[in-house]
Asks: 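If you scroll down you'll find the structure; I have some questions about it.
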Amino acid sequence: APLLEVSLPLYFGWFLLSSAQDKVKCMALDFVKTLDTLDAFKKHLMDFTGKAEAEVDLEHYFKAKGALHCTTKFCNYGKADGAKEYAQNPAIKDFYGSVSELSLSALFVTPRTVGARVSLTEEQLQLWPADAEKEAESAVPAAASLPPGSRAHVTLGCADGVEPVQTGLDLLEILALQQEGQQGETVEEMELGGLAYYGAGRWLLSLREPIVAPACFSSYYG
Ligand code: A2P
């Protein structure tokens with residue numbers, strides 16, 4: 001029926017419950033504010049500003065992008081490849097509306113985005129599209145060789161003119177470097193964990209204790 005054909009959402013994903021949103025936003029803000037004060041960060045400021053001697057106010061450099069969530073499948077109302085197939089997977093129906101705990105295992109910052117890496121459980125991986133990493137191949141060539149779920153993240157903010165889809169690509173880039181054996185240059189032990197620099201403005205804070213964020217598996221229509 002025609003009605004069914006237009007009923008696919010913009011995207012499916014886990015939506016952080018509001019108390020978890022507040023907690024994560026707070027931690028992210030603390031992180032970028034602290035990062036901004038570190039000598040190691042100041043040394044690489046060129047990555048963000050393109051010029052020496054310039055300053056950057058990271059807190060205002062990134063703009064928030066609506067309710068915090070971890071996208072599983074971007075469907076674009078059915079126009080995206082594999083959207084219909086994804087929505088028909090019985091696991092989607094089974095888990096729709098259910099709450100589970102997302103484990104946020106790292107925070108990262110690039111000149112384009114700030115985000116949190118999500119480490120999915122086996123159960124949560126049932127809702128992860130098989131081709132999510134491969135779809136990023138044109139932007140990040142090594143993406144297809146990374147394990148399923150590597151792209152899972154929460155977008156916390158984007159620089160002016162940057163679309164949120166970039167956050168997952170930025171994460172994949174860092175994970176691809178790790179897979180090649182680059183562990184990043186450990187620059188600082190912060191209260192929350194170890195901070196490493198991966199070049200070109202890419203910073204990753206591996207959380208000693210993951211942030212546990214309850215989230216509801218659902219969809220967004222816009
Ligand atoms: P993300 O999951 O990184 O936050 P938009 O507002 O640009 O339409 O995007 C809506 C949501 O879908 C955002 O959460 C965004 O990124 C995600 N998204 C947009 N385009 C894609 C894509 N091509 N592949 C995967 N996720 C996407």
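This one's a predicted model, so the numbers in the text were calculated from it and none came from an experiment. Order of listing sets the numbers, starting from 1, for every ligand and every atom in it.
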Asks: Examine the proximity of ligand 1 to E135 and report which part, side chain or backbone, both or neither, has a heavy atom under 4.0 Å away.
Replies: neither
Asks: Side-chain donor-acceptor pair under 3.5 Å between S7 and Y221, yes or no?
Replies: no
Asks: Looking only at protein heavy atoms, which one is nearest to atom 18 (N) of ligand 1, and how far off is it?
Replies: F74 CD1, 3.4 Å
Asks: Apply the test ring pair (Phe, Tyr, Trp, His ring centres under 6.0 Å) to residues W203 and F41: give CA-CA distance (whole Å), side-chain angles for both, the deciding distance (0.1 Å), then the verdict.
Replies: CA-CA 9 Å; W203 299 87; F41 181 76; 5.6 Å; yes
Asks: Could you identify the single nearest non-hydrogen protein atom to atom 8 (O) of ligand 1 and state the distance to 0.1 Å?
Replies: L10 CD2, 3.8 Å
Asks: What is the nearest protein non-hydrogen atom to atom 2 (O) of ligand 1, stated with its residue, atom name and distance?
Replies: T71 OG1, 2.6 Å
Asks: Can you establish whether the number of heavy atoms outside K134 located under 6.0 Å from its atom NZ is more than 12?
Replies: no
Asks: If you have a sec, work out which protein heavy atom is nearest atom 5 (P) of ligand 1 and how many Å separate them, to one decimal?
Replies: P164 CG, 4.4 Å
Asks: Is there a donor in the side chain of Y86 and an acceptor in the side chain of D81, or the other way round, less than 3.5 Å apart?
Replies: no
Asks: Tell me: protein heavy atom nearest atom 7 (O) of ligand 1, and distance?
Replies: E163 OE1, 3.7 Å
Asks: Taking the six-membered ring for Trp, are Y96 and F217 parallel (under 30°), tilted (30 to 60°) or perpendicular (over 60°)?
Replies: perpendicular
Asks: May I ask you to check whether over 12 heavy atoms, not counting those of E209, lie within 6.0 Å of atom CD?
Replies: no
Asks: Classify the contact between R151 and ligand 1 as side chain, backbone, both or neither, using a heavy-atom distance cut-off of under 4.0 Å.
Replies: side chain
Asks: Is it the case that ligand 1 has an N or O less than 3.5 angstrom from some N or O of T155?
Replies: yes
Asks: I need the nearest protein heavy-atom contact for atom 13 (C) of ligand 1: residue, atom name and distance, please.
Replies: H69 NE2, 3.9 Å
Asks: As an exercise, identify every atom of ligand 1 less than 4.0 angstrom from a heavy atom of H153.
Replies: 1 (P), 2 (O), 3 (O)
Asks: Classify the ring geometry of F62 against F48: parallel below 30°, tilted from 30° to 60°, perpendicular beyond 60°.
Replies: perpendicular
Asks: What protein heavy atom sits nearest atom 22 (C) of ligand 1, and how far off is it?
Replies: V165 CG2, 3.4 Å
